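All values reported here derive from a predicted model rather than from experimental measurement. We count residues from 1, following the sequence as given.
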Amino acid sequence: MKITDVDVRVVNLPLTNPFTSSFETKTGETRTVVRLRTDTGVEGWGETMWGRPVAELARKLGAELVGASPFALEAFHRRHHMVPFFHGYLGYAALAALDVACWDLMGKITGQSVTDLIGGPVRDEVPITALITRADAPGATGRDLAQGLGEHAAKVVAEGGFTAVKLKGTKDVRGDVEIMRELRRALPDVELRVDPNAAWSVPDSIRAGLSLEELDLEYLEDPCAGIEGMAQVRAKVRIPLCTNMCVVRFEEFAPAVRLGAVDVIHGDVYKWGGISATKALAAHCETFGLGMNLHSGGELGIATAAHLAVVASTPVLSRAIDSMYYLHEDDIVEPLELADGRLKVPTGPGLGVTVDEEKVAYYAKRNEEEGDLTG
């Protein structure tokens, strides 16, 4: 069984509402979609972060898969282990798109789910986090903003059954602290997190962290930049620290552990370069007694299914994962099952999702017209 064709497209899908963080407000998501086809007509699908630059690199790397077996994945990664060195996140993302498509092929060829191929299920559904941003209380400021977001979060939890809520923080440190206080008042029994995306200074992170200690947060994610800065905060603040920014490759794992900078590390199939790399990160976290969770970069159905397979087969991934899946207006696969704040893990062969090629074509056309969405 050999791969005979690699097709790469870029799609734009709208969000149901604007999504604001400390560095951008976006109304839609750009994703790169890969389809691999074999000489027997089996198709495998992958999806990854970002648009045209990633797609260009995925096409170049994908050309080397033509004539190869989808099972020869380790050799493919070894040949291209320097791609992330030269291309950074783009390299990891491009490799991950092809990696996931190969896993989808392997599952379909063998009649097994990706979950079964990478360890077998330890859970069959995965809780996801309700994501709250300042755009959820449009026009409000100050005290009204905090109260409005508290009310909004309570409504989201009541309607969606979520067990964890995460605020996307901003550069307004005091404002974020006040919002978190309102979230705790509104949601006394829900796990709370805040993620400013390293927008706070070390002194501000310490001050805010000390103020937030009484709220019993699950963790404080990337309040400031860098392993050194996070270590300074961790030495002063009794809230567990999580990162998706200062430990994003294996070379950064040991320094972070040595300095005691983090308690929880966010993995991501698309930022870490594939499914096996994310599983390896989980093994590292378990070995050193760290927690682990999954980051969300705006995954649609194909990419979300890959994340679900990883979580379903990895005991350490026991927290509600970040997922923007429920915030999209549409999808390019038949919708994944979401109930009571939990996504059902697909059980069919491969990723277990059915791609709607008409929707892929439609949203690829939107990318051609709009360009990549950057905010």
- Between Leu281 and Val264, is there a shared hydrophobic cluster once you connect ILVMFWY residues whose side-chain heavy atoms come closer than 4.5 Å? no
- Decide if the gap between the ring center of Phe162 and the ring center of Tyr326 is smaller than 6.0 angstrom. yes
- Message: With a 6.0 Å cut-off (strictly less than), is the heavy-atom count around CZ of Arg207, excluding the residue itself, greater than 12?
- Response: no
- Message: Could you tell me if the side chain of Val165 sits less than 4.5 Å from the side chain of Leu187, heavy atoms only?
- Response: yes
I'd like a table of donor-acceptor pairs (distance under 3.5 Å, sequence neighbours excluded) in which one partner is a side-chain atom from residues 344-357, with atom names and distances.
| from | atom 1 | to | atom 2 | distance (Å) |
| --- | --- | --- | --- | --- |
| Asp356 | OD1 | Glu358 | N | 3.1 |
| Asp356 | OD1 | Lys359 | N | 3.2 |
| Glu357 | OE1 | Arg35 | NH1 | 2.9 |

- Can you check whether Glu252 reaches Arg249 side chain to side chain, under 4.5 Å on heavy atoms? yes
- Taking C-beta and beyond as the side chain, do Ile321 and Thr129 meet within less than 4.5 Å on heavy atoms? no
- Message: To the nearest 0.5 Å, what is the distance between CD on Glu329 and CG on Leu13?
- Response: 9.0 Å
- Task: Please collect all side chain to side chain donor-acceptor pair (under 3.5 Å) contacts where either partner lies in residues 214-223, sequence neighbours excluded, each pair once.
- Result: Lys166-Glu221, Arg193-Glu218, Arg193-Tyr219, Glu218-Arg319, Tyr219-His266, Tyr219-Asn293, Glu221-His266, Asp222-Thr243
- Message: In the structure I gave you, are the side-chain heavy atoms of Met1 and Thr40 within less than 4.5 Å of one another anywhere?
- Response: yes
- Quick one: are Cys242 and Asp263 in side-chain contact, heavy atoms under 4.5 Å? no
- Kindly write out the residues that satisfy side chain to side chain contact (heavy atoms under 4.5 Å, CB included) with Arg79, not counting sequence neighbours, or none if the list is empty. Glu64, Ala75, Phe76
- Identify the heavy atoms of Asn244 and Val248 that sit nearest to each other, and give their distance. O-CG1, 3.1 Å
- Message: With a sphere of 6.0 Å drawn around CD of Glu228, does it hold more than 12 non-hydrogen atoms of other residues, nucleotides or ligands?
- Response: no
- Query: Do the side chain of Asp195 and the main chain of Asn197 share a donor and acceptor less than 3.5 angstrom apart?
  - Reply: yes
- Item | Asp204 (side chain) donor-acceptor with Ser201 (main chain) under 3.5 angstrom | no
- Message: Can you give me the closest heavy-atom contact between Leu90 and Pro53, atom names plus distance?
- Response: CD1-CB, 4.0 Å
- Task: Name all pairs fulfilling the side chain to side chain donor-acceptor pair (under 3.5 Å) condition that reach into residues 305-315, sequence neighbours left out, sorted by first residue then second.
- Result: Lys279-Ser313, Lys279-Thr314
- Query: Can you tell which of Thr170, Asp136, Thr25 makes a side-chain hydrogen bond (donor to acceptor under 3.5 Å, both in side chains) with Thr20?
  - Reply: Thr25
- Hey, does the side chain of Arg234 reach the backbone of Pro240 with a donor-acceptor pair shorter than 3.5 angstrom? no
- Message: Looking at Gly169, is its backbone amide N or carbonyl O close enough to the side chain of Asp176 to form a donor-acceptor pair, meaning the two atoms are under 3.5 Å apart?
- Response: no
- Tell me, please, which residues at least two apart from Arg238 pass salt bridge (Lys or Arg N to Asp or Glu O under 4.0 Å). Glu213
- Item | Arg52 CZ: over 12 foreign heavy atoms closer than 6.0 Å | yes
- Task: Please tell me if the side chains of Ile128 and Leu338 come closer than 4.5 Å, counting only heavy atoms from C-beta onward.
- Result: yes
- Return yes if some donor-acceptor pair links the side-chain N/O of Asp124 with the main-chain N/O of Ala312 below 3.5 Å, else return no. no
- Item | Heavy-atom pair with the smallest gap, counting every atom of Val237 and Ser205 | CG2-O, 4.5 Å
- Scan side-chain atoms only and decide if Asn367 and Asp372 contain a donor-acceptor pair under the 3.5 Å cut-off. yes
- Query: Does the side chain of Leu95 come within less than 4.5 Å of Pro84's, by heavy atoms?
  - Reply: yes
- Item | Contacts of type side chain to side chain contact (heavy atoms under 4.5 Å, CB included), residue Arg78, not counting sequence neighbours | Glu74, His81
- Message: Hydrogens and angles aside, do Asp331 and Tyr325 bring a side-chain donor and acceptor to less than 3.5 Å of each other?
- Response: yes
- Message: Check this for me: Glu337, atom CD, are more than 12 non-hydrogen atoms of other residues, nucleotides or ligands nearer than 6.0 Å?
- Response: no
- Are the side chain of Arg184 and the backbone N or O of Val190 linked by a donor-acceptor pair below 3.5 Å? yes
- Message: Quick one, Val360 and Arg9 - any side-chain contact, counting heavy atoms below 4.5 Å?
- Response: yes
- Message: I want to check a possible cation-pi pair here: Arg31 against Tyr270, using under 6.0 Å from ring centre and within 45° of the ring axis as the test.
- Response: yes
- Message: Taking the basic N atoms (NZ, or NE/NH1/NH2) and the acidic carboxylate oxygens, is any pair closer than 4.0 Å for Arg143 and Glu182?
- Response: yes
- Find out if a path of hydrophobic residues (ILVMFWY) with successive side-chain heavy-atom gaps under 4.5 Å connects Phe253 to Ile227. no
- CD/Glu43: more than 12 non-hydrogen atoms of other groups inside 6.0 Å: yes
- Could you tell me whether the side chain of Thr30 and the main chain of Asn12 form a donor-acceptor pair under 3.5 Å? no
- Sidechain-backbone polar pair: Arg37 side chain, Asp5 backbone, donor-acceptor under 3.5 Å: no
- Query: Is Arg366 salt-bridged to Glu369, cutoff N-O under 4.0 Å?
  - Reply: no
